[in-house]
Amino acid sequence: MGLKIIEARHINIDNKIENEYFENIVDTSSVWIESRTGIKSRFFTDKRGYDMAIETVKLFKNSLRNLDLIIVASFTTRMRAPSVAASINEFIGGDKNILCFDLNMACSGFMGAVILAEKYLEIGGKALIIATEKISDFLNFKDRSSCVLFGDGAAGVLVEKNNKLWEHIVGTFPGIEALNVNENSLIEMDGKKVYRFASVNVTIAIEDLLKKCRIMPQEIDYYLLHQANIRIINQVLEKLKIKSNKTMTNIDRYGNTSAASIPILISENFHKFNEKDKIVIAGFGAGLSIAAVLMEW
Ligand code: ACO
């Protein structure tokens, strides 16, 4: 059993922040940011995570009626109750027999939601998975090693169950001190630790995922990886001996949008995927955590 992504959408945010912006705030340079991370710009918005989620929902052209499940992945929404997912259901005038919840797995959140949806849905059922991140609210603009990395964003997918190839893998590793939101609601990160974790363990997770399916790395058509740092993406692909034309990136324009990064990538490239394409999609982040799937499009 697997999941078919029927539709994918992402919002556009007007307020583009170039690397130069940070030169006036912290001791950094545009050249350093771009060369160490691959990031040229990101977007910061004044809107709430909830508003970005609703804006994303409005972009779905197919009917959002008869949904069985709505999951909102985010670590930055301020809404404690009701969940953003339940509010989306109210907004679309959805059915009452529907499971709605928000999920916080930071940058692994969208893929965690996808894995749960695949397990929950029966044949014929549909789920809406939205990721919304207003990370600019949680940035420490005195910490040059973290504030330059992140951007705001929101995107989502409409999915239903199918009978195609599907396998998943998850991982939760010690790492509270590596990446967390502190008591002042600011992101604290040991970049080196997160970098090492990601380049080593994401590679191992993907290798294990491929082994489970008896598929060689080269047989995969696309590798979609969480957009945290272009060097992490390149290292993972190098270790798997995969050419860079098998991946898609947008970190240069968006920075790290946490849970929203993968659905933005899927939405931007939706028209490029063909039936029978084999795709590995991997999220990783705070936890430290990994959530990845191998799917046939
Ligand atoms: N501008 C200039 N210099 C900087 C900056 C900056 N913005 N940030 C750090 N430096 C300095 C450091 O202070 C250090 O200086 P020092 O040698 O005098 O001590 C030097 O640059 C090298 O620092 P490193 O940490 O070794 O730099 P590195 O090449 O590892 O890059 C980075 C740092 C970009 C943070 C990298 O480690 C990284 O991308 N890590 C992963 C981060 C990540 O993916 N986080 C999100 C996870 S997803 C989630 O769940 C939210």
Side-chain angles (χ1 to χ4, degrees), residues 26 28 33 36-37 39 42 49 71-81 83-85 101-116 129 131-153 168-209 225-233 235-236 239 251 254-263 281-293:
V26 286
T28 191
I33 300 170
R36 305 308 290 162
T37 68
I39 300 167
R42 75 288 289 139
I71 310 178
V72 172
S74 181
F75 82 103
T76 54
T77 56
R78 304 264 186 196
M79 216 155 146
R80 288 282 163 260
S83 64
V84 178
F101 63 92
D102 296 350
L103 179 154
N104 174 358
M105 266 178 83
C107 302
S108 308
F110 174 76
M111 291 313 296
V114 164
I115 289 166
L116 280 175
I129 302 170
T132 182
E133 297 285 23
K134 188 176 179 198
I135 308 180
S136 55
D137 273 357
F138 295 84
L139 293 179
N140 179 355
F141 287 99
K142 290 184 177 151
D143 176 14
R144 65 177 181 175
S145 64
S146 63
C147 71
V148 301
L149 303 177
F150 297 93
D152 299 334
H168 79 268
I169 195 156
V170 293
T172 305
F173 303 75
I176 291 162
E177 78 294 342
L179 181 53
N180 66 75
V181 175
N182 69 18
E183 65 278 7
N184 298 319
S185 293
L186 295 174
I187 290 173
E188 275 178 350
M189 190 183 67
D190 181 335
K192 266 195 179 20
K193 257 191 198 149
V194 180
Y195 189 101
R196 262 198 307 272
F197 153 76
S199 54
V200 172
N201 292 292
V202 173
T203 311
I204 294 170
I206 291 176
E207 284 169 344
D208 289 348
L209 186 60
L225 306 184
H226 169 51
Q227 306 286 294
N229 185 323
I230 195 69
R231 289 159 53 221
I232 295 174
I233 296 170
Q235 276 207 8
V236 171
K239 286 182 185 160
I251 181 146
Y254 289 92
N256 179 348
T257 57
S258 192
S261 104
I262 287 174
I281 315 178
F284 53 87
L288 295 165
S289 61
I290 296 178
V293 302

* Asked: Is a donor on one side and an acceptor on the other found under 3.5 Å between the side chain of N104 and the backbone of A106?
  -> yes

* With distance as the sole test, does D102 use its side chain to make a donor-acceptor pair with the main-chain N or O of A85 at under 3.5 Å? -> yes

* Rounded distance (nearest 0.5 Å) linking atom CG of D143 with atom CD of E188 -> 8.5 Å

* What's the verdict on side-chain contact (heavy atoms from CB on, under 4.5 Å) for T132 and S74, showing C-alpha distance, side-chain angles and the deciding distance? -> CA-CA 6 Å; T132 182; S74 181; 4.2 Å; yes

* Asked: Which pair of non-hydrogen atoms, one from L288 and one from A178, has the smallest distance, and what is that distance?
  -> CD1-CB, 4.1 Å

* Indicate the ring-plane relationship of F75 and F138, choosing parallel, tilted or perpendicular according to the 30° and 60° boundaries. => tilted

* Considering only NZ, NE, NH1 and NH2 on the basic side and carboxylate oxygens on the acidic side, decide whether K193 and E177 come within less than 4.0 Å. => yes

* **Partners meeting side chain to side chain contact (heavy atoms under 4.5 Å, CB included) with A73 (sequence neighbours left out)** => A131, A259

* **G283 versus M111, closest heavy-atom pair with distance** => N-CG, 3.7 Å

* Mark yes or no for whether N182, through its side chain, and N184, through its backbone, hold a donor-acceptor pair below 3.5 Å. => yes

* To do: Taking only Lys NZ, Arg NE, NH1 and NH2, and the carboxylate oxygens of Asp or Glu, determine whether R78 and D137 approach each other closer than 4.0 Å.
  => yes

* **Check: S108 side chain, S289 main-chain N or O, donor-acceptor pair, under 3.5 Å** => yes

* To do: Kindly indicate, with the supporting measurements, whether the criterion side-chain hydrogen bond (donor to acceptor under 3.5 Å, both in side chains) is fulfilled by E133 and T257.
  => CA-CA 6 Å; E133 297 285 23; T257 57; over 6 Å; no

* About how many Å separate CD1 of I204 and NZ of K239, when rounded to the nearest 0.5 Å? -> 8.0 Å

* Has the side chain of S199 got a donor or acceptor atom that lies under 3.5 Å from a matching backbone atom of Y195? -> yes

* **CZ-CG distance between R196 and D190, expressed to the nearest 0.5 angstrom** => 7.5 Å

* To do: Decide yes or no on side-chain contact (heavy atoms from CB on, under 4.5 Å) for F141 and V26, but give the supporting numbers first.
  => CA-CA 7 Å; F141 287 99; V26 286; 5.8 Å; no

* Look only at the side chain of R42 and the backbone of L149, and say whether a donor-acceptor pair between them is shorter than 3.5 Å. => no

* Asked: So, do I39 and V148 sit near enough that their side-chain heavy atoms are less than 4.5 Å apart?
  -> no

* **Steps toward side-chain contact (heavy atoms from CB on, under 4.5 Å) verdict (F284, I232)** => CA-CA 11 Å; F284 53 87; I232 295 174; 3.9 Å; yes

* Asked: Side-chain contact, heavy-atom cut-off 4.5 Å: I187 with L139?
  -> yes

* **N229 side-chain N/O to R36 backbone N/O, donor-acceptor pair under 3.5 Å** => yes

* Distance from D208 atom CG to I169 atom CD1, nearest 0.5 Å? -> 4.5 Å

* To do: May I ask you to test the N256-H226 pair for a side-chain heavy-atom distance under 4.5 Å?
  => yes

* Should V170 and I290 count as side-chain neighbours, where that means a heavy-atom distance under 4.5 Å? -> no

* Straight-line distance of L103 CG to S83 OG, nearest 0.5 Å -> 11.5 Å

* Asked: Hey, what do you get for OG1 (T77) to NZ (K134), rounding to the nearest 0.5 Å?
  -> 12.0 Å

* Asked: So S258 and I135, side-chain contact (heavy atoms from CB on, under 4.5 Å) or not? Walk me through it.
  -> CA-CA 8 Å; S258 192; I135 308 180; 3.6 Å; yes

* Asked: With respect to L225, which candidate in I281, I262, I206 satisfies the side-chain contact (heavy atoms from CB on, under 4.5 Å) definition?
  -> I206

* Asked: Are a donor atom and an acceptor atom from the side chains of S136 and D152 found within less than 3.5 Å of each other?
  -> yes

